Amino acid sequence: MLTLRGRAALAAGSTARWASRVTGRGAGAMIGGLVAMTLDRSILRQLGQDRRSVVVTGTNGKSTTTRMTAAALATLGPVASNSEGANMDAGLVAALASAREATLAALEVDEMHVPHVSDAVNPSVIVLLNLSRDQLDRVGEINHIERTLRAGLARHPDAVVVANCDDVLMTSAAYDSPHVVWVAAGGGWAGDSVSCPRSGEIIERDGGGSPGWHSTGADFKRPSPQWWFDDTHIYGPDGLSLPMTLSLPGAVNRGNATQAVAAAVALGADPAAAVAAVSRVDEVAGRYRTVQIGSHTARILLAKNPAGWQEALSMVDKHGAGVVISVNGQVPDGEDLSWLWDVSFEHFADEPLARRETGSDTVVVAAGERGTDLAVRLGYAGVEHSLVHDTVAAIESCPPGHVEVIANYTAFLQLNRRIS
């Protein structure tokens, strides 16, 4: 039940949201949430009570996994969710306020906000995806984030924690929780977990293609998963095996889907219905969609940090007309772009892009406000490329046909505003 003050706060937030829309300043969800929170600091707790909530967090894949989790939970009933990715308190307030009657919630939450958000909404399930370097100027060093998450989880011993056992840092955050569902969701990026977050000693990884790992300085190793996936199926407890064909590309999204299904099943969803629901998700706030731009079709991928770029580059269709890589360096992106040197662009040179029927190679174009920085990096990687700062013009500079576009956060938003 909302208090009188809470109802007044939401009414004021609704008015602010309406004013933002009619004046053309934006959709108004964030300002509505901010106004409501300013008038009643307990509004998130009030909106979160009496719901069964799933909190999803991690460096990469939050929006996609939250969208999949919401789809799977919808097989049980109405779901409140911040589907546009506003993952801090104001966005959560706006999402919950817009679906007051929903008894279920799938909430994407920024890593550093998980402890106090969990204190407010008391989630039934907490999904831990992965941790890697991202905006160090804002969130700080990742071992600090792991310790913060671990302390936050300790305050919620009744929550089911759905954790990626292939990610060393998220495994450490969940290791002491009494109710953990381990998921082998994949961990292609290991550059930020070479040392044990508990002892500081080396993490050794099993050879021969095995996903196993262990700490050399503590009793800490990869747990055996209850859920995992392969190229065709998802596997779960008690011999569960279901075919899973996703609309979204890449092994990373099969891992996201597996964690989403595990979270929904923990709340009582039928596994087959949950798998069918996540399989129908084909776009996440503009990610992965294909649009027509002049004589080109363009598929738009989002990547925000070295781990995300590694996954996005693995999804690139090397048989298209071009690949446009667009990079900005605004505050939401992180103004320090030194991470570009951690991304393995060399594979474009080591594995040349396919020659099309015309006999010409797929072209690579550096774009964005920091396109020059990117062009320098591509040059050192030995990748032949051109430089066109405007992303739409960069797409148009490619030969007619299909173009893959990979953009970081604000470059992605700018492009979507122009083509929507």
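Here the structure is a predicted model, which means the values were calculated and not measured.
- With respect to I395, the side-chain contact (heavy atoms from CB on, under 4.5 Å) criterion is satisfied by exactly one of V324, D390, V388, I419: V324.
- Under the 3.5 Å distance criterion, the side-chain polar atoms of R287 are left unmatched by any main-chain donor or acceptor of T64.
- The shortest non-hydrogen separation linking C196 to I203 is N-CG1, 3.7 Å.
- Ring orientation note: the planes of W228 and Y235 are close to parallel, at an angle under 30° on the 30°/60° scale.
- P225 has its side chain out of reach of V183: every pair of non-hydrogen atoms, C-beta onward, lies at least 4.5 Å apart.
- Environment of CD in E101: sparse, with no more than 12 heavy atoms of neighbouring residues, nucleotides or ligands closer than 6.0 Å.
- Counting heavy atoms from C-beta outward, R155 and S118 have side chains that stay 4.5 Å or more apart.
- Tested against M244 for a side-chain contact (heavy atoms from CB on, under 4.5 Å), the candidates D230, T232, T258 yield a single pass: T258.
- Pairing each heavy atom of G255 with each of F229, the nearest pair is CA-CE2, 3.6 Å.
- Side chain to side chain, D89 and H113 meet the donor-acceptor criterion of an N or O pair below 3.5 Å.
- Atom OG of S81 and atom CG of L73 lie 9.0 Å apart (nearest 0.5 Å).
- Annotation: the span from R222 atom CZ to W182 atom CH2 amounts to 10.5 Å, rounded to 0.5 Å.
- Here the side chains of Y288 and I300 are not in contact, with every heavy-atom distance at 4.5 Å or above.
- When only modelled atom types and interatomic distance are considered, E201 and S215 share no side-chain donor-acceptor pair under 3.5 Å.
- Under the 4.5 Å side-chain criterion, counting only non-hydrogen atoms from C-beta, F345 is in contact with I325.
- In this structure, a donor-acceptor pair under 3.5 Å is present between the side chains of S172 and E146.
- In this structure, CG in L34 is found 6.0 Å from CE in M37, a value given to the nearest 0.5 Å.
- Residues T59 and S132 share a closest heavy-atom pair of OG1-N, 2.9 Å.
- For the pair S199 and G217, the tightest heavy-atom approach, listed with the atom from each and the gap, is CB-O, 3.4 Å.
- Both tests pass for R198 against the ring of F220: distance under 6.0 Å to the centre and angle within 45° of the axis.
- The 12-atom threshold is exceeded at OH of Y175, counting heavy atoms of other residues, nucleotides or ligands nearer than 6.0 Å.
- Here N256 contributes atom CG and R67 contributes atom CZ; the two are 13.5 Å apart, rounded to the nearest 0.5 Å.
- D333 has no carboxylate O lying under 4.0 Å from a charged side-chain N of K304, or vice versa, which leaves the two without a salt bridge.
- Counting heavy atoms from C-beta on, the side chains of L128 and L153 come closer than 4.5 Å.
- For the atom pair E404 CD and L313 CG, the distance stands at 10.5 Å (nearest 0.5 Å).
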